[in-house]
Amino acid sequence: MNYDFLDIERKWQLEWEKQNAFRRTEDSSKPKYYLLEMFPYPSGKLHMGHVRNYAIGDVIARYKTMNGYNVLHPMGWDAFGLPAENAAIQNKTHPSVWTTKNIEHMRDQLKKMGFSYDWDREITTCHTSYYKWTQWMFLQFFKQGLAYKKKSKVNWCPSCETVLANEQVVDGACERCDSVVVKKELAQWFFKITDYADRLLEDIDKLDGWPDKVKIMQKNWIGRSEGAVIDFKIDGFEEKITVFTTRPDTIFGVSYIVLSPEHPLVDLLTEGTEYYEDAMRFRKKVEALDEITRTSDETEKEGLFIGRYAVNPLNNRKVPILIGNYVLMDYGTGAVMGVPAHDQRDFEFAKKYDMPIIPVIKPEDDSIDVYNLKEAYVDVGIMINSGQFDGLNSKDGIEAIISYLEEKKCGRRNVNYKLRDWLISRQRYWGAPIPIIYCDKCGIVPVPESDLPVVLPTDIEFKDKGQNLLANNESFINTTCPKCGGNARREVDTMDTFVCSSFYFFRYTDPNNDEEAFAFDKAKYWMPVDQYIGGVEHAILHLLYSRFFTKVLYDIGISPVDEPFVNLLTQGMVLKDGIKMSKSKGNVVSPEDIMEEYGADTVRLFILFAAPPERDLEWSDQGVEGCYRFLNRVWRLVLDLKDVYDKIEGKEERKLSSADKELRYDIHSTIKRITADIEERFNFNTAISAIMELVNAIYAYRDEVDKMDYSNWVLVEALNTLMLMLAPFAPHMAEELWHITGHKGSIHNESWPVYDKEALIRDEVEMVVQVNGKLRDRLKIPADASRQEVEEAVFALDKISKLIEGKTVVKIIVVPKRLVNIVVK
RNA sequence: GCCGGAGUGGCGGAAUAGGCAGACGCACAGGACUUAAAAUCCUGCGGUUUUUAAUAAAACCGUACCGGUUCGAUUCCGGUCUCCGGCACCA
């Protein structure tokens with residue numbers, strides 16, 4: 001009774017594979033289209049989020065192919081990472097075994113979904129053939145001075161036993177396992193992403209095809225702020241304190257200076273004084289705080305005078321120097337000037353410690369008495385108490401003061417970023433080894449490119465957590481120095497997996513190249529990615545790193561483009577019962593089960609129909625059932641009418657009846673709607689509902705028109721159009737029906753239908769008739785009726801004439817073919 | 001606190017450029033087919049009120065809330081509330 005989806009889907013999947021239907025090479029005769037979905041971490045099984053991501057991608061890939069594009073649609077595996085290592089420890093297997101098994105299973109699932117990937121381009125980041133190039137990338141960065149090792153306080157996740165990048169710390173906790181992150185002093189490798197801060201920020205404006213949301217998030221993350229650094233002399237010392245401020249115009253209002261407790265000057269300034277011990281105690285107390293408490297603004301602001309005074313370079317006033325728990329060593333200069341009158345935080349701090357509040361800016365209209373402030377006055381205004389700068393607008397004052405500081409050589413214009421350098425070292429085994437050798441004689445020596453890859457040793461015992469497994473592998477560690485040939489040790493840290501995923505979209509353009517990461521010509525043909533699709537959770541991390549990598553590769557002449565992704569679609573989450581599907585919540589729906597019960601086409605259709613792509617999608621078993629019913633309805637319709645294909649030949653075309661014309665109108669208006677829905681805004685939900693309406697219309701035609709009166713060619717046109725438009729959504733069924741109705745060759749090599757303008761012209765239209773904006777009646781009228789004819793027809797309507805009886809017609813608004821509104825008094 | 005986004009029937013959602021609110025689907029109800037069930041098909045389905053024996057018909061209200069612009073507002077403007085996401089002692 002129902003169509004045999006299992007059989008049909010298997011049949012066509014094998015057939016497509018046999019024909020290499022989705023293999024693509026460079027082809028200058030066609031426009032290229034690079035469609036990319038974020039590659040998955042092979043965690044074991046596909047989840048609904050993956051299915052959604054890849055179903056959206058597959059529709060676009062197939063649609064673009066039907067529209068004549070040479071579509072690159074690759075898939076691969078982000079295969080390094082902690083879960084594999086944890087699983088290995090748990091099961092006493094090697095991470096590669098676990099990972100390979102998962103990949104095989106997930107690849108199989110993807111194939112069963114009927115996604116049109118070019119599997120010849122499959123990449124796996126944990127294979128030497130891939131991570132050789134991850135290491136090669138590191139060496140290029142090193143050569144450019146963009147990879148460096150630095151000892152510093154870094155984020156340490158005690159549960160994952162490794163350091164984390166700033167971007168991987170969410171609310172002071174590890175983004176992966178939610179453990180509270182602690183600070184640890186370690187020597188670590190960094191990528192100098194801050195060198196690219198300005199370009200990463202400026203070029204956001206080039207990304208017209210990205211959602212504003214993501215662009216704003218990246219802007220905030222980079223966090224550029226303009227201002228000045230100002231040097232304060234220290235009374236009795238040669239050293240100076242340099243502060244960063246965005247408000248140099250308020251410098252005459254400085255009433256104290258606050259250093260971060262970790263600031264190196266604190267030791268010098270307090271050593272041998274009565275303040276020393278208290279200062280050290282204060283520092284320890286602050287350092288002991290975890291990141292959450294330390295950076296929460298609910299933490300009480302505390303300060304401690306350390307017995308020294310700084311000199312304001314503009315008015316030579318002496319102000320006390322404090323250390324404060326709210327001043328961060330890793331932002332700006334680790335020192336701030338306190339201007340209580342014009343900064344709310346300083347205001348509260350000054351109240352607490354009874355510091356003078358000196359107003360130096362007043363509102364132009366004197367609406368606020370700045371000598372009796374209830375809160376800081378932070379707006380622009382007129383400068384007062386500022387010596388030669390009095391009377392200046394504070395906006396101009398910023399420039400004037402910076403010029404003055406630069407002239408006196410005690411300050412300069414400065415820009416600060418929140419963005420930090422990217423910490424890429426990880427103290428874990430399952431990652432790409434950092435290709436560096438330490439030699440007692442030569443120091444830090446990069447592994448020569450010809451020696452790549454630095455292969456991960458396999459003779460590792462996976463027993464306990466709590467140690468870097470590479471660090472104990474003697475045969476890996478001990479090596480010879482490439483420079484002097486003497487004994488040397490290898491770096492034992494591996495790279496953050498985000499390094500692997502920051503260039504994989506280049507590798508897809510030339511995935512099997514042993515000589516280069518990718519050939520320039522191939523990248524030139526395919527790049528940039530025309531459409532990228534993935535979850536919004538990567539808005540900062542992956543997407544920012546990938547942009548950074550692309551710019552570096554562009555600068556060293558390897559990449560033809562300086563931005564990787566032209567258009568970005570961030571898909572919403574898949575929810576069940578209003579919350580995200582997760583194992584811990586026990587509300588996971590397995591794609592495998594649904595596929596077995598209803599088939600891949602139904603799963604695809606449902607997931608595209610239930611919500612527009614950017615929005616969260618509520619899973620509904622009944623909704624799936626509905627989509628299954630719909631596909632069966634299509635199946636029955638085509639099978640029931642397939643005779644018309646035999647009758648069409650040799651028959652004379654007869655004049656179209658009104659039902660024929662109506663059906664043709666439906667066919668072509670549907671083509672128009674669906675094309676716009678896909679092309680302009682990826683609204684697959686409305687595209688699918690339009691297909692459903694067309695199916696309903698064909699059924700209605702079948703039921704209304706006597707079989708003897710069928711216009712066979714119109715029905716053929718209807719069915720062909722239906723199948724073609726269904727092809728990107730339900731590719732297996734469309735293909736099967738295409739062959740059942742006698743077509744040769746794959747439906748997926750056919751062209752997307754184009755609507756016939758003639759068919760959209762209607763003889764008669766229905767207009768809405770309003771009186772004073774309220775719907776009162778409808779009017780059927782020839783489409784080419786003049787305004788006057790419309791007005792006459794409207795007044796002839798019983799209802800309308802009754803309604804306007806005895807009233808004055810003020811105005812008649814006619815929107816051609818749509819609406820008439822009579823305004824009466 | 002700051003910056004985004006959203007709020008429409010019982011539910012998912014639609015209304016693309018200010019012009020029929022609720023397309024399409026789900027759920028539900030009634031009916032047809034059937035010995036019966038499933039499947040399928042048909043009909044109805046925002047609320048209130050009035051008229052009618054009934055079938056039906058009509059009026060009013062209705063897109064979170066309050067106000068504005070307009071002949072006409074789910075759509076534009078101002079304000080309020082709620083929810084979701086991001087950032088948050090960033091000097």
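As a basis for the values below, the full set of heavy atoms in this structure was taken, side chains included, without hydrogen atoms, waters or symmetry mates. Here is how names work: the chains are called A, B, and so on, in the same order as the sequence lines, proteins then strands, and each is numbered from 1. Since this is a predicted model, take the numbers as computed values, not measurements.
The phosphate of B/A91 (OP1 or OP2) has a side-chain N or O of A/S225 nearer than 4.0 angstrom. Phosphate contact (OP1/OP2 of B/C90, side-chain N/O of A/R345, threshold under 4.0 Å): present. Contact annotation: A/N685 reaches the phosphate of B/A14 (side-chain N/O to OP1 or OP2, under 4.0 Å). Proximity of A/R636 to the phosphate of B/C41: a side-chain N or O atom is located under 4.0 Å from OP1 or OP2. Applying the 4.0 Å criterion to OP1 and OP2 of B/G25, one finds that A/N696 has a side-chain N or O inside that range. Applying the 4.0 Å criterion to OP1 and OP2 of B/G85, one finds that A/K580 has every side-chain N and O outside that range.
Counting non-hydrogen atoms under 4.0 angstrom, A/V327 reaches a base of the nucleic acid. As judged by a 4.0 angstrom heavy-atom cut-off over every strand, A/V336 is placed among the base-contacting residues. In this structure, A/D616 reaches the sugar-phosphate backbone alone: every heavy-atom distance under 4.0 Å involves primed, P, OP1 or OP2 atoms, never a base. The residue A/R633 sits close only to the backbone: its heavy atoms come under 4.0 Å of sugar-phosphate atoms, none of a base. At the heavy-atom level, A/I216 lies under 4.0 Å from the strands shown only through sugar-phosphate atoms. As judged by a 4.0 angstrom heavy-atom cut-off over every strand, A/D703 is placed among residues making no nucleic acid contact. Within the 4.0 angstrom heavy-atom criterion, no nucleotide atom of any strand lies near A/A676. Residue contacts for A/K799: at a heavy-atom cut-off of 4.0 Å it reaches the sugar-phosphate backbone alone, with no base atom in range.
The distance between atom CG of A/D666 and atom C1' of B/A23, rounded to the nearest whole Å, is 14 Å. Straight-line distance from the CZ atom of A/R702 to the C1' atom of B/U40: 11 Å, rounded to whole Å. If you measure from atom CG of A/L328 to atom P of B/C87, you get 16 Å, rounded to the nearest angstrom. Computed from coordinates, the A/Y3 OH to B/U40 P distance equals 14 Å when rounded to whole Å. Atoms NZ (A/K802) and C1' (B/A57) sit 12 Å apart, rounded to a whole Å.
One C1' atom belongs to B/C77, the other to B/C84, and the distance between them is 25 Å to the nearest Å. Taking atom P on both nucleotides, B/U8 is separated from B/U63 by 11 Å, rounded to a whole Å. Atom name P, nucleotides B/G10 and B/G47: the rounded distance is 7 Å, in whole Å. Between the C1' atoms of B/A29 and B/C45, the separation comes to 8 Å (whole Å). B/G18 and B/C76 are spaced 8 Å apart, taking the C1' atom of each and rounding to whole Å. A distance of about 43 Å separates the C1' atoms of B/U16 and B/U52, rounded to the whole Å. Spacing of P atoms, B/U74 relative to B/C60, comes out at 16 Å, to the nearest Å. Taking atom C1' in both B/U70 and B/G78, one finds a spacing of 16 Å when rounded to whole Å.
Residue A/Y598 holds its OH atom at 9.5 Å from CZ of A/R629, rounded to the nearest 0.5 Å.
Classification of B/G44 as anti follows from a glycosidic angle more than 90° from 0.
Of the charged side-chain nitrogens involved, at least one lies within less than 4.0 Å of a carboxylate oxygen, so that A/E226 and A/R224 count as a salt-bridged pair. Taking 4.0 Å as the cut-off between side-chain N and carboxylate O, A/R681 and A/D677 count as a salt-bridged pair. Between A/R762 and A/E662 there is a salt bridge, since at least one side-chain N of the basic residue sits less than 4.0 Å from a carboxylate O of the acidic one. Comment: A/R413 engages A/E399 in a salt bridge, judged by a side-chain N to carboxylate O separation of less than 4.0 angstrom.
In this structure, a donor-acceptor pair under 3.5 Å is absent between the side chains of A/Y326 and A/E302. Side chains of A/Y701 and A/D666: a donor-acceptor N/O pair is absent below 3.5 angstrom, by distance only. Of the N and O atoms on the side chains of A/N416 and A/S225, not one donor lies less than 3.5 Å from an acceptor on the other residue. Under 3.5 Å, the side chains of A/R615 and A/Q571 contain no donor-acceptor pair of N or O atoms.
Nucleotide B/G85 forms a Watson-Crick or G-U wobble pair with B/C3, both donor-acceptor distances falling under 3.5 Å. Judged by Watson-Crick or G-U wobble contacts below 3.5 Å, the nucleotide B/G72 has no partner. Across all strands shown, B/G9 forms no Watson-Crick or G-U wobble pair with both key distances under 3.5 Å. Base pairing of B/G78 is made with B/C66, judged by Watson-Crick or G-U wobble geometry with both donor-acceptor distances under 3.5 Å. B/A56: Watson-Crick or G-U partner is B/U51, with both key distances under 3.5 Å. Here B/G46 sits opposite B/C61 as a Watson-Crick or G-U wobble pair (both hydrogen-bonding atom distances under 3.5 Å).
Taking every side-chain heavy atom of A/V768 into account, B/C20 is the closest of B/C90, B/G13, B/C20. When the nucleotides B/C71, B/G13, B/U16 are ranked by their closest atom to the side chain of A/N821, B/C71 comes out on top. Considering only the side chain of A/V815, B/G19 comes nearest among B/C90, B/C24, B/G19.
Residue A/N220 places no side-chain atom within donor-acceptor reach of the base of B/C87, judged by atom type and a 3.5 Å distance cut-off alone. At a cut-off of 3.5 angstrom, the base of B/C20 holds no donor-acceptor pair with the side chain of A/R818. Side chain A/K811 to base B/C71: no donor-acceptor pair is found below 3.5 Å.
Taking a 4.0 Å limit (strictly below) on heavy-atom distances, residues 618-629 of chain A reaches RNA chain B at A/Q622, A/G626, A/R629.
A cation-pi arrangement, defined by a distance under 6.0 Å to the six-membered ring centre and an angle within 45 degrees of its axis, is absent between A/R604 and A/F729.
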In sequence, state the C-alpha distance, the side-chain angles, and the governing distance for A/F606 and A/W619, and then conclude on ring pair (Phe, Tyr, Trp, His ring centres under 6.0 Å).
CA-CA 9 Å; A/F606 168 72; A/W619 184 266; 4.9 Å; yes
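Two residues, A/A610 and A/G773, neighbour RNA chain B, and the one matched to the more 5' nucleotide by heavy-atom proximity is A/A610. Of the two residues near RNA chain B, A/R776 and A/L617, the one whose nearest nucleotide lies more 5' is A/L617.
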